[in-house]
Undergrad: 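Below you'll find the structure I mean.
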Amino acid sequence: MDVRSCIWFDGRIEEAAEFYVSLVPGSELGPVSRYPDDSAFPGPDPGAALTVDFTLAGVPYQLLNGGPQFPLTEAFSIVLIVDGQEEVDRVWDALTADGGQESMCGWCKDRFGLSWQVVPRRFVELMSGPHAGAVSGVLMRMRKIDIAELEAAAVG
């Protein structure tokens, strides 16, 4: 048995999958299926990508080029737990570039409209400590997470 999340896109799935695997170490592209030449099969032009499989750090995903019926929303997001501010900055900047959008509390959308949460491992640790309320309060005012600000809140 194989389990993966399937994410409905409206085009550009090969470009998106290539971008995603370039962001996350230990990731790789998998097979691409294509729309058949059979005119009875609904979809875009014959030969266009139908699905793209890929892994992000070993976690399997599939993008489906299904059309505009079900647009992406924040109801589905990919969470990246990263090490250090440099990694937060690198991933955040890549995701929000070229038409991506910042949101609050470490959330953003990439240029394809997929939602991401970029969470430093240190935040997870601080939220397990005695000053989680103060850390959470500071987080609520952030877009991209700043670890130094969270640590300052934890000190009091």
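Numbering starts at 1 and runs along the sequence shown.
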Undergrad: Are Trp92 and Val138 connected, step by step, through hydrophobic side chains (Ile, Leu, Val, Met, Phe, Trp, Tyr) whose heavy atoms are closer than 4.5 Å?
TA: no
Undergrad: Is there a path of hydrophobic side-chain contacts, each under 4.5 Å between heavy atoms of I, L, V, M, F, W or Y residues, that connects Val135 with Ile81?
TA: yes
Undergrad: What class does the angle between the rings of Tyr20 and Phe112 fall in, given that below 30° is parallel, 30 to 60° is tilted and above 60° is perpendicular?
TA: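 Because their plane-to-plane angle is over 60°, the rings of Tyr20 and Phe112 count as perpendicular.
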Undergrad: Going by heavy atoms in the side chains, are Val32 and Glu14 under 4.5 Å from each other?
TA: yes
Undergrad: Would you please name every residue forming a side chain to side chain contact (heavy atoms under 4.5 Å, CB included) with Val155, sequence neighbours left out?
TA: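 For Val155 there are no side chain to side chain contact (heavy atoms under 4.5 Å, CB included) partners, ignoring immediate neighbours.
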Undergrad: Per the side-chain contact (heavy atoms from CB on, under 4.5 Å) rule, which among Cys108, Ser103, Ser115 passes with Ser77?
TA: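 Looking at Cys108, Ser103, Ser115, the match for Ser77 under the side-chain contact (heavy atoms from CB on, under 4.5 Å) is Ser115.
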Undergrad: Under 4.5 Å between side-chain heavy atoms, hopping through other hydrophobics if needed: is there a path connecting Trp8 to Leu56?
TA: no
Undergrad: Minimum heavy-atom separation for Ile147 to Pro120, with atom names?
TA: CD1-CB, 3.5 Å
Undergrad: When rounded to the nearest 0.5 angstrom, what is the spacing between OG in Ser27 and CD in Glu18?
TA: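 Ser27 OG to Glu18 CD: 13.5 Å, rounded to 0.5 Å.
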Undergrad: Give a yes or no on whether Leu64 and Ile13 share a hydrophobic cluster (residues Ile, Leu, Val, Met, Phe, Trp, Tyr; joining criterion: side-chain heavy atoms under 4.5 Å apart).
TA: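 Leu64 and Ile13: separate clusters.
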Undergrad: So, the side chain of Ser22 versus the backbone of Phe19: is there a donor-acceptor pair under 3.5 Å, distance only?
TA: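 A pair under 3.5 Å: yes.
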Undergrad: Tell me whether Glu86 at atom CD has more than 12 heavy atoms from other residues, nucleotides or ligands lying less than 6.0 Å away.
TA: no
Undergrad: Please tabulate, one pair per line, all N/O donor-acceptor pairs under 3.5 Å involving side-chain atoms of residues 46-53, not counting sequence neighbours.
TA:
residue, atom, partner, partner atom, Å
Thr51, OG1, Ser33, OG, 2.5
Asp53, OD1, Gln62, NE2, 2.8

Undergrad: Do Thr96 and Glu102 have side-chain atoms, one donor and one acceptor, less than 3.5 Å apart?
TA: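 Not at all, the side chains of Thr96 and Glu102 share no donor-acceptor pair under 3.5 Å.
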Undergrad: Looking only at non-hydrogen atoms, find the nearest pair between Ile145 and Val118 and report the distance.
TA: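 Answer, listing the atom of Ile145 first, then Val118: CD1-O, 3.6 Å.
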Undergrad: Does a salt bridge link Arg121 with Glu87, judged by any charged N lying under 4.0 Å from a carboxylate O?
TA: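 No salt bridge links Arg121 with Glu87.
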Undergrad: Specify the closest pair of heavy atoms between Thr55 and Gly26, including all atoms of both residues, with the distance to one decimal.
TA: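 So the minimum-distance heavy-atom pair works out to OG1-O, 4.4 Å.
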Undergrad: For the hydrophobic clusters of this structure (ILVMFWY residues joined by side-chain heavy atoms under 4.5 Å, transitively), does one cluster hold both Met140 and Trp107?
TA: no
